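Take a look at the structure below.
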Amino acid sequence: MKFVDYYKILGVKKAATEKEIKAAYRKLARKFHPDLNPDNKEAEMKFKEINEANEVLSDPVNRKKYDKYGKNWQRGEEYENAQRQQQSHYQSTQQGFSGQEYSDFFESMFGGRRTSSQQGHHPIFKGQDYHSELHLDLKDVYTTHKRVLTVNNKNIRLTIPAGVENGQVIRIKGKGGAGFNGGPNGDLLIKFVINNRTEFKRDGNNLYVNVDLDLYTSLLGGEIMVDTFSGKVKLKIAPETQNGTKVKLKGKGFPIYKKEGEFGDLIITYNIKTPTILSKKEKELFKELQKIR
Amino acid sequence: MEKNLIAITTLCSYYEIEFSFIDALHKTGLIQIVIVEHNQFIHYDQIGELEKMIRLYNELNVNIEGLDIIFNLLEKEKRLREELNALKNKLKLYENDNI
């Protein structure tokens with residue numbers, strides 16, 4: 001177990017006054033408070049460290065003990081074990097943002113309990129929001145489907161509406177951590193990470209795809225079969241179609257989120273492929289065509 | 001009465017806060033109060049935000065004006081993150097095209 005230098009964490013000298021400790025704590029807490037740093041794990045960890053340091057140094061009894069046993073915490077642990085045996089009936093119930101998790105060092109020295117100055121106050125808070133990521137393929141979110149997620153050993157049935165965006169977050173009420181002191185449960189926030197392994201590119205509800213066209217079809221026109229997300233479609237190619245021509249297929253794009261039966265568009269870009277490895281005969285004919293132009 | 005409304009008197013005793021605090025948040029536009037039959041309520045959806053405000057007020061000594069600034073900036077940050085996400089998704093349209 002590693003020694004934790006609480007003075008260093010708060011950036012104060014060992015001789016710092018209570019006022020200086022309080023000021024240092026408030027300054028750091030304002031910077032790293034989880035409510036001001038949503039989805040920032042680093043800030044969350046830092047905030048826990050700061051809280052723990054404040055928990056110890058702001059309480060004269062704990063601070064004295066920390067200063068006495070600090071670097072030789074094992075001796076402090078022995079001392080505390082004896083103390084704890086005498087006070088085994090005591091259990092803390094207070095939770096919340098202010099130090100609900102402690103380092104092993106803190107647990108061994110102070111038994112994970114709160115300072116005497118904070119005992120007796122039991123605020124009621126909504127439970128912690130849980131954050132989770134769900135990785136899906138683009139094909140998965142083309143249709144509305146059901147999934148069972150396991151979060152903290154609980155199975156949660158989830159209906160994933162078609163058209164969910166990459167990076168979109170949905171909130172499921174009451175499926176987060178349990179409320180504190182009778183408060184409501186937190187929510188479960190699921191972020192969708194959508195991998196696209198298809199030839200289609202997606203922008204919102206629209207899909208984009210490049211389709212190769214041979215030289216003769218582009219010059220003379222014709223018909224081709226094109227893959228869409230919902231199957232193949234037959235397309236007419238106008239004579240003298242240019243390279244890079246775009247064609248919009250209405251309603252053949254991606255489903256619109258929470259709008260049953262509505263779809264975006266599919267935008268096709270034609271890439272005209274010129275023939276290679278020409279035969280002697282082909283070269284002659286092309287030269288003839290060149291002369292005509 | 002809509003079941004997703006919570007009486008402000010209940011909230012005050014629940015979170016151990018003064019009514020004047022809720023009233024000040026309402027006057028600043030940070031929370032919406034709904035009046036039903038002369039009783040004041042707030043919608044359940046606002047509980048998470050209200051708790052954040054209580055924590056910032058109690059733990060960091062942020063006053064009502066400070067809360068207003070913070071919540072406006074957090075809202076702006078949220079919109080920017082959404083915009084960044086949309087732009088990242090759009091960027092994928094052009095990735096690998098020039099390889």
Side-chain angles (χ1 to χ4, degrees), chain A residues 22 25-40 47 51 54 96-99 121-129 138 165-169 171 173-174 176 179-184 186-187 189 191-192 194-196 200-204 206-210 267 269 271, chain B residues 3-6 10-17 21 30 42-63 66-99:
Chain A
K22 194 176 175 183
Y25 166 71
R26 285 223 183 270
K27 192 171 166 56
L28 289 169
R30 277 197 288 269
K31 193 172 173 186
F32 295 106
H33 199 283
D35 286 333
L36 304 177
N37 296 275
D39 299 330
N40 185 342
F47 187 69
N51 254 323
N54 182 57
F97 262 129
S98 303
H121 177 65
H122 304 283
I124 300 158
F125 278 120
K126 186 181 170 188
Q128 204 180 353
D129 286 344
L138 191 64
E165 269 281 3
N166 182 40
Q168 187 174 336
V169 177
R171 180 184 287 267
K173 279 195 176 137
F180 303 128
N181 297 326
D187 301 332
L189 286 97
K191 182 179 177 182
F192 291 97
I194 296 164
N195 302 308
N196 185 358
F200 298 93
K201 289 189 172 180
R202 181 187 180 193
D203 180 22
N206 292 336
L207 290 173
Y208 294 78
V209 70
N210 292 328
I267 291 104
T269 305
N271 284 334
Chain B
K3 65 175 180 179
N4 287 332
L5 294 177
I6 300 166
T10 310
L11 285 172
C12 286
S13 62
Y14 206 69
Y15 294 111
E16 297 170 8
I17 49 171
F21 177 71
L30 284 165
I42 79 164
H43 200 273
Y44 178 86
D45 286 348
Q46 293 188 89
I47 293 290
E49 296 288 280
L50 176 66
E51 284 185 351
K52 269 189 201 177
M53 292 171 207
I54 295 169
R55 283 196 293 266
L56 295 176
Y57 186 79
N58 288 338
E59 295 178 17
L60 301 183
N61 278 359
V62 178
N63 63 13
L67 289 176
D68 193 25
I69 293 168
I70 288 168
F71 277 77
N72 282 327
L73 287 174
L74 284 177
E75 187 55 38
K76 206 180 277 180
E77 193 219 11
K78 190 182 160 199
R79 279 203 305 272
L80 286 171
R81 266 192 288 152
E82 283 168 0
E83 196 181 328
L84 178 69
N85 186 52
L87 288 172
K88 273 186 184 170
N89 285 341
K90 205 181 264 283
L91 191 63
K92 285 181 186 163
L93 277 178
Y94 305 101
E95 279 172 355
N96 305 323
D97 266 6
N98 299 320
I99 294 171

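Given the structure is predicted, the values throughout are model-derived calculations rather than measurements. Chain letters run A, B, ... following the sequence lines, proteins first and then strands; every chain starts at 1. When reading the values below, keep in mind they use all heavy atoms of this one structure, side chains included, and skip hydrogens, waters and symmetry mates.
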Counting heavy atoms not belonging to B:Tyr57, are there more than 12 under 6.0 Å from its OH? no
May I ask you to name which of A:Ile194, A:Asn166, A:Val169 has the most heavy-atom pairs under 4.5 Å with chain B? A:Asn166
Looking at A:Arg202, A:Glu165, A:Lys173, which has the largest count of heavy-atom pairs under 4.5 Å with chain B? A:Lys173
If you count heavy-atom pairs under 4.5 Å between each of B:Leu74, B:Asn89, B:Ile70 and chain A, which one has the most? B:Asn89
The reported gap from CG in A:Leu36 to CG in B:Leu73 (rounded to nearest 0.5 angstrom) is 10.0 Å
Check whether B:Asn85 gets within reach of chain A through its side chain, its backbone, both or neither, counting any heavy atom under 4.5 Å. side chain
Please classify the contact of B:Glu77 with chain A as side chain, backbone, both or neither, using a heavy-atom distance under 4.5 Å. side chain
Do you know which of A:Lys31, A:Arg30, A:Lys27 makes side chain to side chain contact (heavy atoms under 4.5 Å, CB included) with B:Leu60? A:Arg30
Should A:Asp35 and B:Met53 count as side-chain neighbours, where that means a heavy-atom distance under 4.5 Å? no
Is a side-chain N or O of A:Arg26 found less than 3.5 angstrom from the main chain of B:Glu59, in a donor-acceptor match? yes
